[in-house]
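Values below: every heavy atom of this structure, side chains too, minus hydrogens, waters and symmetry copies. Remember, predicted model here, so these are calculated numbers, not experimental data. Within every chain, numbering begins at 1; the chains are lettered A, B, ... in the order of the sequence lines, protein sequences first and strands thereafter.
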There are 2 protein chains.
Amino acid sequence: MPKGSGAGGERPRLRTMEELSVAIGVSRPTLSRYFQDPDSVSRSSRERIARGLERVEYVPNFFATRMNRKSTGMIGVIIPYLNDLFFTKLQQSIEFAAMEAGFTVIVQCSHTTPEVEARAVETLISMNVDGAIVAPLGDNSDIAAMERLNRRLPFVLVDSRPGALSHVDYIGTEHSQSMGLMTEYLARVGDPPVFLAMPRVNFNALNHERAYLEKMEELGLEPQVVGTEEIEPGAHYEAHGELALGREFAEGRLTDRSIICVNDRVAIGALRAAARFGLDPGARRKGGLRIAGHDDYPLCPFLVPSLTTVGQDVDAIGQAAVARLMKKIRAENSLTDHAVTLFPGVLKLRESA
Amino acid sequence: MPKGSGAGGERPRLRTMEELSVAIGVSRPTLSRYFQDPDSVSRSSRERIARGLERVEYVPNFFATRMNRKSTGMIGVIIPYLNDLFFTKLQQSIEFAAMEAGFTVIVQCSHTTPEVEARAVETLISMNVDGAIVAPLGDNSDIAAMERLNRRLPFVLVDSRPGALSHVDYIGTEHSQSMGLMTEYLARVGDPPVFLAMPRVNFNALNHERAYLEKMEELGLEPQVVGTEEIEPGAHYEAHGELALGREFAEGRLTDRSIICVNDRVAIGALRAAARFGLDPGARRKGGLRIAGHDDYPLCPFLVPSLTTVGQDVDAIGQAAVARLMKKIRAENSLTDHAVTLFPGVLKLRESA
DNA sequence: GAACGAAATTTACGCAGGTAAAGAGTTAGC
DNA sequence: GCTAACTCTTTACCTGCGTAAATTTCGTTC
């Protein structure tokens with residue numbers, strides 16, 4: 001028997017609003033209105049209900065309340081995977097923004113597989129969510145499922161946008177700008193940077209690579225890309241970074257170059273590879289090995305050396321996505337403009353480059 | 001207009017099973033049975049329905065289907081925060097296990113605040129989930145809410161268990177064993193280890209500290225705990241580790257000791273502090289600074305130096321939690337035994353200690 | 001004190017489907 | 001060829017609550 005749990009612990013449990021109405025002595029519809037907005041009933045009823053609720057244990061049935069209502073007060077979110085602090089941070093800012101707007105968030109994870117993603121879409125549709133925010137699996141996403149989502153309810157893409165969905169609202173980072181920023185910075189201070197890529201499973205990987213190539217051309221420099229081939233199937237991003245760069249180092253290449261990694265997780269692996277070879281990224285700003293990432297993964301400041309990177313404004317993205325979705329929800333279908341909001345990346349200069 | 005989305009993109013959309021039944025020419029109840037289990041209708045009906053579904057767009061209403069059914073096929077999960085790969089990994093293994101068992105998972109995050117957690121509990125109850133798995137806020141959790149959950153439906157705690165809920169099923173790591181293991185290892189190879197704690201907001205922090213103290217006493221060694229006071233309000237665990245240990249180093253203390261951190265995130269900060277003071281944890285196994293953590297955070301192998309830690313079997317915990325929950329769900333209330341499953345931690349020896 | 005309104009409450013029906021019991025169709029046995 | 005025994009389908013009612021329309025209540029005014 002736990003102590004201190006006595007207060008109201010054994011109140012009679014009522015299953016339906018009907019039971020509650022006889023217990024309190026107010027009609028069921030009045031209760032219904034009370035639960036939707038306590039101020040919609042008279043003060044006397046309100047107080048009477050409130051007192052009654054203290055004596056019993058009752059919670060309205062979530063499904064029944066949502067059934068016959070125009071709005072379910074829920075928005076759906078789909079993220080591609082869980083083992084990445086970038087997406088969990090995005091999820092968090094979406095949840096806070098939605099909570100503030102009075103919405104319940106239903107999160108589904110597609111676990112990097114299009115089939116699970118498509119199933120998640122069906123689940124959200126069948127739940128009658130008022131709108132959906134999806135961080136897709138890049139070009140791996142089930143485009144037909146996304147199209148269905150887009151036809152059926154307010155829908156916003158975040159983080160990346162498959163080429164086939166260019167007509168859908170999108171909130172994200174201006175990758176060409178952000179990657180260009182880093183490319184330019186590294187080029188300005190040292191040798192032309194080398195791009196450490198990863199197998200094209202990641203959704204913004206190609207965008208980042210493209211942005212790098214463009215900027216290099218603009219600067220009149222010779223681009224160099226390494227690490228595109230898969231080294232170990234199913235390896236974490238970090239492992240890929242370590243293996244790919246380690247392979248270069250092992251053959252004596254790139255040990256004094258500027259490495260611009262496709263993202264921070266790969267960069268973490270790159271730092272590890274450098275350490276394994278006794279290299280100290282960023283020790284010499286000019287002429288020595290430098291390593292930079294992209295995303296501003298929350299751990300970057302704590303790495304050794306701390307990682308120079310480009311920060312994405314995840315909070316802004318999450319808030320803007322929710323704001324846009326709310327606007328679409330309120331506007332029903334009268335909103336015909338097609339919004340793309342891109343936030344610029346900002347350089348986070350730290351020790352590694 | 002996107003290309004390649006034509007296949008069935010414009011099929012007539014039916015909102016209700018009633019409409020579908022007239023469109024296909026089968027009675028609604030037959031459809032109902034089909035959607036719950038296609039094998040529960042005759043082969044002819046099954047094929048006829050399947051063919052019909054290809055011609056139209058219809059997805060059953062999630063709420064309506066769950067309303068009048070004994071089981072909703074959903075389990076609820078509550079995790080304390082999102083910005084931690086340990087919990088997301090736990091969530092992932094729970095989701096996979098539940099998916100395999102044919103259940104839909106509803107995840108709610110309590111964002112470290114008891115009020116949000118209590119609200120999440122209400123949401124899960126009102127959704128009639130078949131059971132719930134909760135990683136609580138330690139002793140900060142709303143005990144009354146947890147008690148209510150425990151009375152109303154199959155319920156399993158994971159990761160940590162508030163003292164007041166000792167009568168609830170619990171799946172976790174055997175913290176006294178795992179922390180003892182590390183304490184013993186460090187003590188065996190060098191000076192008596194020092195415990196780097198954190199403000200008591202974290203749920204297993206106290207368990208770990210207690211386990212350390214017990215083991216030290218058992219070994220006949222003098223315990224030493226640092227870092228219990230809050231240095232910077234709201235700081236990340238990593239920041240706390242860096243600040244707390246950095247403060248010691250700045251005054252010339254602990255620079256050649258074995259530091260056992262309350263968890264890996266704090267250890268990451270500790271590694272950073274060491275680097276800032278030009279120290280190289282683990283370089284000398286005997287006599288020099290060593291730093292160890294707890295949890296086997298996914299990034300540990302990639303840190304510089306890689307972090308020696310104690311691994312929790314997160315997958316096993318997630319799977320066991322789901323398995324136990326399934327058993328309770330199937331057993332209704334006939335299950336009276338009270339289960340506690342603890343998985344041992346395993347030493348992960350790496351470079352830092 | 002009766003009539004009038006505005007506000008609050010109740011009545012009555014609907015939502016989208018689940019499910020037990022009744023009905024229809026099919027096969028097997030004689 | 002007919003009935004018994006099943007299987008499958010349909011009928012009919014139910015789930016828990018939202019909500020528009022109808023009714024009641026209560027305070028005000030004349």
Side-chain angles (χ1 to χ4, degrees), chain A residues 13-50 52-53 56-74 104 122-130 152, chain B residues 13-50 52-53 56-74 104 122-130 152:
Chain A
R13 186 179 314 156
L14 305 184
R15 288 209 71 72
T16 74
M17 229 153 143
E18 195 71 49
E19 295 176 19
L20 183 65
S21 78
V22 311
I24 296 192
V26 189
S27 77
R28 189 183 60 67
T30 300
L31 286 176
S32 171
R33 305 184 58 200
Y34 173 85
F35 281 114
Q36 290 178 63
D37 175 15
D39 288 331
S40 65
V41 304
S42 68
R43 202 167 68 92
S44 60
S45 296
R46 182 165 55 246
E47 288 172 355
R48 181 166 190 180
I49 294 172
L53 284 176
V56 301
E57 186 176 326
Y58 167 76
V59 27
N61 181 302
F62 193 88
F63 299 123
T65 58
R66 296 332 195 231
M67 262 261 285
N68 194 18
R69 207 149 47 175
K70 61 263 118 222
S71 161
T72 55
M74 310 192 304
T104 300
E122 298 303 321
T123 301
L124 293 184
I125 289 179
S126 75
M127 282 184 158
N128 275 330
V129 295
D130 292 334
R152 305 225 10 174
Chain B
R13 186 179 314 155
L14 304 183
R15 288 210 71 73
T16 75
M17 229 152 128
E18 194 72 49
E19 295 175 18
L20 183 66
S21 78
V22 310
I24 296 191
V26 189
S27 77
R28 190 181 60 68
T30 300
L31 286 176
S32 171
R33 305 185 59 201
Y34 172 85
F35 281 113
Q36 289 178 64
D37 175 14
D39 288 331
S40 65
V41 305
S42 67
R43 202 168 67 90
S44 60
S45 298
R46 183 164 55 246
E47 288 171 355
R48 181 166 191 180
I49 294 172
L53 284 176
V56 302
E57 185 176 325
Y58 168 77
V59 26
N61 182 301
F62 194 88
F63 299 124
T65 58
R66 273 25 180 212
M67 262 259 286
N68 195 19
R69 209 153 40 180
K70 62 267 115 219
S71 160
T72 55
M74 310 192 305
T104 299
E122 297 303 320
T123 302
L124 294 183
I125 290 179
S126 75
M127 282 184 160
N128 276 329
V129 296
D130 292 334
R152 304 227 9 176

Atom CG of A:N68 and atom P of C:dC15 are separated, to the nearest Å, by 7 Å

By side chain to side chain contact (heavy atoms under 4.5 Å, CB included), A:D130 pairs with (sequence neighbours left out) A:S71, A:T72, A:F103, A:I329

Would you tabulate the pairs of protein nitrogen or oxygen atoms and nucleotide nitrogen or oxygen atoms of nucleotides 5-7 of chain C closer than 3.5 angstrom?
none

message = Counting the atoms with a prime plus P, OP1 and OP2 as sugar-phosphate, which does A:M17 contact under 4.0 Å by heavy atoms, base, sugar-phosphate, or nothing?
response = sugar-phosphate

Per nearest nucleotide of DNA chain D, the residue lying toward the 5' end, B:A64 or B:S44, is B:S44

Those residues at least two apart in sequence (or on a different chain) that pass side chain to side chain contact (heavy atoms under 4.5 Å, CB included) with B:M67 are A:F63, A:A64, A:M67

By side-chain hydrogen bond (donor to acceptor under 3.5 Å, both in side chains), A:S42 pairs with (sequence neighbours left out) A:S44, A:S45

To the nearest angstrom, the CZ-P distance between B:R43 and C:dT27 comes to 12 Å

From CG of A:N61 across to C1' of D:dG16 the rounded distance in Å is 6 Å

Within residues 18-28 of chain A, the residues having a heavy atom closer than 4.0 Å to DNA chain D are A:R28

d(A:L14 CG, A:T16 OG1) to nearest 0.5 Å is 7.5 Å

A:M17 and A:L31 have their tightest heavy-atom pair at CE-C, 3.2 Å

Sorted by number, residues from residues 30-40 of chain A placing a heavy atom under 4.0 Å from DNA chain C are A:T30, A:R33

Letter by letter from the 5' end, nucleotides 20-27 of chain D scores (B base, S sugar-phosphate only, - none; protein heavy atoms under 4.0 Å) --------

Sequence neighbours excluded and cut-off under 3.5 Å, please list the side-chain donor-acceptor pairs for residues 19-29 of chain B, or say none.
{"unit_1": "B:E19", "atom_1": "OE1", "unit_2": "B:R15", "atom_2": "N", "d": "3.1"}
{"unit_1": "B:S21", "atom_1": "OG", "unit_2": "B:E18", "atom_2": "O", "d": "2.7"}
{"unit_1": "B:S27", "atom_1": "OG", "unit_2": "B:T30", "atom_2": "N", "d": "3.4"}
{"unit_1": "B:S27", "atom_1": "OG", "unit_2": "B:T30", "atom_2": "OG1", "d": "3.0"}

Atom CZ of B:R66 and atom P of C:dA16 are separated, to the nearest Å, by 16 Å

Quick note, salt bridge (Lys or Arg N to Asp or Glu O under 4.0 Å) partners involving residues 33-42 of chain B, not counting sequence neighbours, are B:D39-B:R46

In whole angstroms, the gap separating P of D:dC17 from CG of A:L14 amounts to 11 Å

Across all chains, not counting sequence neighbours, the ring-ring contact (aromatic ring centres under 6.0 Å, His included) partners of B:F35 are B:Y58

When rounded to whole Å, the CE to P distance for the pair B:M67 and C:dA16 reads 11 Å

Whole-Å distance, A:F63 CZ to C:dA16 C1', equals 13 Å

Quick note, B:T65 side chain, CB onward, closest among D:dG18, C:dG17, C:dA16 is C:dG17

Flag side-chain contact, heavy atom, 4.5 Å: A:N61 against A:T65: no

| Are any non-hydrogen side-chain atoms of B:R48 and B:Y34 less than 4.5 angstrom apart? | no

For B:R152, the salt bridge (Lys or Arg N to Asp or Glu O under 4.0 Å) test, sequence neighbours excluded, returns A:E57

Practice item. Would you indicate what A:F62 reaches in the nucleic acid, counting non-hydrogen atoms under 4.0 angstrom: base, sugar-phosphate, or nothing? Key: nothing

Note: A:S126 and B:P60 closest approach over all heavy atoms is CB-O, 3.2 Å

When rounded to whole Å, the CG to P distance for the pair B:N128 and C:dG18 reads 15 Å

B:S32 meets the side-chain hydrogen bond (donor to acceptor under 3.5 Å, both in side chains) criterion, sequence neighbours left out, with B:Q36

Ranking C:dA16, D:dG18, D:dC17 by distance to the side chain of A:R69, first place goes to D:dG18

